[in-house]
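Values below: every heavy atom of this structure, side chains too, minus hydrogens, waters and symmetry copies.
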Amino acid sequence: MLTILGIVIGIAAVVTLTSLIAGMRQQLLSTVGADQARLIQVFVSFSGESEPAFITTSDREYLEKEIPGVAYTGSLTQFFSASVSTAREKAENTSVSLATPGVLQANKKSYELKSGRYFMQSDAENYRQVAIIDTGLAKELYNTEDPDVIGQTITIDSDKYSIIGVVSSPQTFGMSAGSNVYIPDATGFRRYGMAEETYAMMVYTTPEADVDEVKTEVLAALHKRHPVPNSQDSEKSFSRFEAMTSKDMIAIVENITGVFTAILGSVASISLIVGGIGIMNMMLTNVSERIREIGLRKSVGAHASDITNQFLGESIVLCLIGGVIGLIIGYGAALGIAAIVSVVQPDMQFAPIVTPSIVAIAFGVSTLIGVIFGWGPAHKAAKLDPVESLRHQ
């Protein structure tokens, strides 16, 4: 058991890290991903040499009318941080966002309606001072998670708004994004004297449309409507906006988690090398203690390959036993860490995932270590002279 302890620790470390990363990856993909396959997020590029061109309400109307693959466009823009209060309570640094009617329900997985209703077109057309708050702000202002606060009045800085809905708190990488309040974008533009423009937009395609093709058409249309003034450089003109699909976001998540897996797995693998050295040390001692046994076996007909296979097999079996124990301990440790994280940060809950590839890697690495570090002692045993071995005391 002491001999295989290094293998146990190494495999447990690798399994713990990889299963935690796999669980976090699955959590990220579920919030980023697959259910938003028709979503294209368009951003104003601030990296170009020219002045940025913001997205206007007329741009959105144009895209919905002129591009067949576009089903809906909307914006959800964080406007500013403000003090939000009721008659009794006050919440500082609350995020105030301007929302196009329809954009929250289009993202209802992230903004699940707990009570009340979403914004309607008439709210924007009539510049109504209505608001939707999330459960985080509801708890902060009313000291309860009960979303039954419809009709209550809140004050955003000095303006009064009536609550018409409560939605779930948005999650960013599995963690709550704090307290949030949403008001109709048209109301915000008029109340605060702003131009009807934003730096980001959400575009939803029709079910039958090719998302990548629509993405190209949307960018082309925006660049055509907002060319770089007095520029003959077509590449420069085509860099004022950027777009990202769910496929692009999934690729980013895959790359990030892949890098973390590679780095942390490599660090954890160092203990496997240490464990392998321990196995080799024990096997060399084993050969020295069993010289007479080796001589006896060779004297009754055992070939060198038989001796090699015997000691190599023992080394592999020891490593496989360590791999099994390490796999069990590693998964248990991952469950424990995930449970602790969920207690410390209740909004960040995920389940570790032990995939077949992790199991295969654990046993593959164990076998490989057994072969690499067991070959030397096994080969040494196979070369012993049977006569000299039988004389050994």
Side-chain angles (χ1 to χ4, degrees), residues 1-22 260-334 336-337 352 354-393:
M1 292 302 297
L2 290 175
T3 299
I4 66 175
L5 185 59
I7 301 296
V8 171
I9 293 173
I11 294 295
V14 172
V15 170
T16 299
L17 291 173
T18 53
S19 60
L20 285 172
I21 292 174
F260 272 106
T261 301
I263 294 175
L264 297 178
S266 299
V267 173
S269 297
I270 294 174
S271 59
L272 288 174
I273 298 175
V274 176
I277 294 173
I279 291 288
M280 184 169 64
N281 181 54
M282 197 270 325
M283 292 303 297
L284 287 170
T285 304
N286 201 10
V287 170
S288 300
E289 291 178 347
R290 296 165 63 184
I291 289 178
R292 286 178 60 82
E293 174 195 331
I294 295 168
L296 181 60
R297 292 196 66 205
K298 297 188 84 171
S299 68
V300 295
H303 296 91
S305 59
D306 297 323
I307 303 300
T308 300
N309 292 337
Q310 175 188 352
F311 283 90
L312 193 59
E314 290 179 11
S315 175
I316 293 173
V317 168
L318 283 173
C319 290
L320 286 176
I321 292 173
V324 172
I325 298 173
L327 182 64
I328 296 171
I329 293 176
Y331 184 60
I337 292 173
V354 176
T355 62
S357 61
I358 294 177
V359 176
I361 290 173
F363 283 99
V365 169
S366 299
T367 303
L368 187 61
I369 288 175
V371 171
I372 293 175
F373 290 95
W375 175 258
H379 187 61
K380 177 183 177 181
K383 291 199 307 180
L384 290 174
D385 182 81
V387 176
E388 293 299 325
S389 299
L390 286 171
R391 288 178 179 175
H392 184 78
Q393 296 298 322

Is a side-chain N or O of Asn309 found less than 3.5 angstrom from the main chain of Asp306, in a donor-acceptor match?
no

Here the pair of heavy atoms bringing Ile329 nearest to Ala12 is CG2-CB, 4.1 Å

Taking C-beta and beyond as the side chain, do Tyr331 and Thr16 meet within less than 4.5 Å on heavy atoms?
no

Without swapping roles, check the side chain of Lys298 against the backbone of Ala382 for a donor-acceptor pair under 3.5 Å.
yes

Can you confirm whether Asn281 sits close enough to Phe373 that some side-chain heavy atom of one is under 4.5 Å from a side-chain heavy atom of the other?
no

Sub-4.5 Å side-chain heavy-atom contact between Leu17 and Phe260:
no

Spacing of Arg297 atom CZ and Ile307 atom CD1 [to the nearest 0.5 Å]:
4.5 Å

Decide yes or no for Leu320 and Val324: does some side-chain heavy atom of the first lie under 4.5 Å from some side-chain heavy atom of the second?
no

For Cys319 and Ile279, which heavy atoms make the closest approach, and how far apart are they?
SG-CG1, 4.0 Å

For Pro352 and Ala334, the nearest pair of non-hydrogen atoms, with its separation, is CG-O, 3.4 Å

Between Gly326 and Ile11, the two heavy atoms sitting closest are C-CG2, 3.8 Å

CZ of Phe311 to NE2 of His379, rounded to nearest 0.5 Å, is 14.0 Å

Considering all heavy atoms of both residues, which atom of Leu312 and which atom of Trp375 are nearest to each other, and what is their separation?
CD1-N, 3.7 Å

Sub-4.5 Å side-chain heavy-atom contact between Glu314 and Leu318:
no

To the nearest 0.5 Å, tell me how far Met280 CE sits from Ser315 OG.
10.0 Å

Locate the shortest heavy-atom distance separating Val14 from Thr18; write the atom from each residue and the value.
O-OG1, 2.7 Å

Find out whether Ile9 and Leu5 are in side-chain contact, i.e. whether some heavy atom of one side chain is under 4.5 Å from a heavy atom of the other.
yes

Interatomic distance, CD1@Ile337 vs OG@Ser19, rounded to 0.5 Å, equals 8.0 Å

With side chain to side chain contact (heavy atoms under 4.5 Å, CB included) as the test, would you mind laying out the steps for Thr308 and His303 before giving the verdict?
CA-CA 9 Å; Thr308 300; His303 296 91; over 6 Å; no

Once rounded to the nearest 0.5 Å, what's the spacing between atom CD1 of Ile372 and atom CD1 of Ile277?
11.5 Å

